[in-house]
Amino acid sequence: MTKKEKMITFSVLGILVVICLLICLAPKKLASDEKNVPVKIKGSVADPAYTELSVKIEKRGEYDIVIDCTDSETPKFITGATFMRGKDKILYTTAGICFRDRRKALELEPGLYVLRIDHIASADAFIKLNNAQYSGGMQDMSTVGSPDDGEYFMSYKLKAVESKPYYTFVLVLGIVLIGIMVSVIFLSGSDRKSRAEEKYDERQTAVRGRSYRQAFYVLLIYFLVLVVLRLFNADLPLSDWTLIAMGLLLAEGIQSSFSIYNDAYFKFRENPLIGIQIFFICAVILGACACISYFGQINNNLPNGREIGLIYLLTAAFSAFDAVLLCMKEAKNKREERYEKP
Amino acid sequence: MKNLKLKAARAALDMSQQELADKVNVSRQTINAIEKGDYNPTINLCIAICKTLNKTLDELFWDIS
């Protein structure tokens with residue numbers, strides 16, 4: 001078996017192993033209910049005013065309660081969801097215009113659990129319900145207007161799945177691994193070497209290989225740390241997707257910085273000055289985006305503005321760092337070139 | 001360890017790092033790294049450098065000490 005055949009075989013086996021592991025580790029759906037409800041709005045009054053879904057829990061344990069509330073077009077009324085044991089003991093409340101896959105980990109005893117979904121078509125109705133059930137502040141009240149009269153076809157889903165808070169990170173790590181192995185399969189079959197030689201010289205190719213390896217190890221360690229933290233139910237200050245985006249940014253930052261530091265970021269006939277300009281422009285634009293997101297959140301204009309702002313800010317910081325690093329390397333190279341002229 | 005023999009051979013031909021790099025189809029930084037001893041080139045690159053500088057592999061890359 002040639003080296004190429006071995007790499008393809010190992011990659012295919014690796015993909016199968018990762019897929020099997022992802023399936024085995026996936027949280028199991030233990031109970032569910034769903035309903036399609038046409039909601040009529042007339043004069044800021046919803047009909048029906050609410051609808052109910054229920055699940056029966058057989059065994060005591062920790063569950064993720066997943067709530068979906070969707071429509072083909074965005075309804076302009078607020079949907080308030082209240083998850084209760086029986087019909088009175090409130091365990092969890094949430095509200096939004098349309099939401100998908102909103103989840104909450106809860107310790108549940110065996111019994112019947114009801115999800116009451118209120119259709120809130122006016123600010124008055126929202127304030128009344130907000131004060132009664134949501135302890136205030138679940139949803140920004142300025143977004144509650146008077147929806148247009150009409151009929152909205154809502155689709156509600158309630159699922160109780162096995163609670164595995166670390167699974168999101170395992171899933172993304174699995175997808176990254178599958179992506180790498182698929183790339184190996186495709187690149188093994190193509191004339192990659194000759195194309196790479198046209199772009200980077202042998203030292204640059206080696207340096208870039210090292211930088212990708214380091215970025216991958218950093219990503220792996222970062223995700224494993226997050227999985228362990230989730231296993232021990234650590235209270236992380238950011239959402240899972242923000243943490244994943246931060247990990248990917250960190251890995252990308254390490255790859256680019258390491259390549260730039262070792263003069264392997266640009267092909268040897270490319271002009272790095274263009275790269276410096278691009279990095280600086282990116283840093284300025286992303287910094288502005290971070291400010292808009294952050295101040296938008298303060299003014300309640302954007303959902304999750306702080307987290308989006310953080311991602312923008314981090315990307316801006318990496319871009320600025322790379323631009324500064326490129327400037328320093330370029331200055332050093334110019335100095336060396338002047339010194340080396342015979 | 002610095003490769004002073006390569007630097008001397010290049011200077012003898014009045015050639016800059018950039019000119020040598022262009023002739024052997026690598027970046028100037030790679031030639032600089034070889035001269036500073038930070039990078040061990042492949043045999044293919046060694047041969048290309050030797051041919052460009054009209055030297056043998058022993059003359060440029062064999063460390064007598």
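Throughout, a chain's letter reflects where its sequence line sits, starting with A, and its residues are numbered from 1. In this text, all values refer to a predicted model and were calculated from it rather than measured experimentally.
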Check: Are the side chain of A/Gln204 and the backbone N or O of A/Asp263 linked by a donor-acceptor pair below 3.5 Å?
Finding: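 The answer is yes, because a donor-acceptor pair under 3.5 Å joins these two groups.
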Check: Given a strict heavy-atom distance threshold of 4.5 Å, which part of B/Gln18 is in contact with chain A: side chain, backbone, both, or neither?
Finding: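 The side chain, not the backbone.
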Next item on the list: With a 4.5 angstrom heavy-atom cut-off, could you sort out which part of B/Ala33 is near chain A: side chain, backbone, both or neither?
Entry: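 For B/Ala33, the contact with chain A is made by the side chain alone.
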Checklist line | Cationic N near anionic O, under 4.0 Å, B/Lys23 to B/Glu19 | finding: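 Judged by the 4.0 Å cut-off on N to carboxylate O distance, B/Lys23 and B/Glu19 do not form a salt bridge.
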Check: Within 45° of the ring axis of A/Tyr200 and under 6.0 Å from its six-membered ring centre, is that where the NZ or CZ of A/Arg208 lies?
Finding: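 A/Arg208 over A/Tyr200 ring: yes.
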Note to self: Tell me whether A/Lys329 forms a cation-pi arrangement with A/Tyr261, defined as NZ or CZ under 6.0 Å from the six-membered ring centre and within 45 degrees of its axis.
What the structure shows: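 Relative to the ring axis of A/Tyr261, which defines the angle, A/Lys329 lies inside both limits.
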Margin query: Heavy-atom cut-off 4.5 Å, strictly under: side chain, backbone, both or neither for A/Asn333 against chain B?
Written below: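 Backbone plus side chain of A/Asn333, per the 4.5 Å heavy-atom cut-off to chain B.
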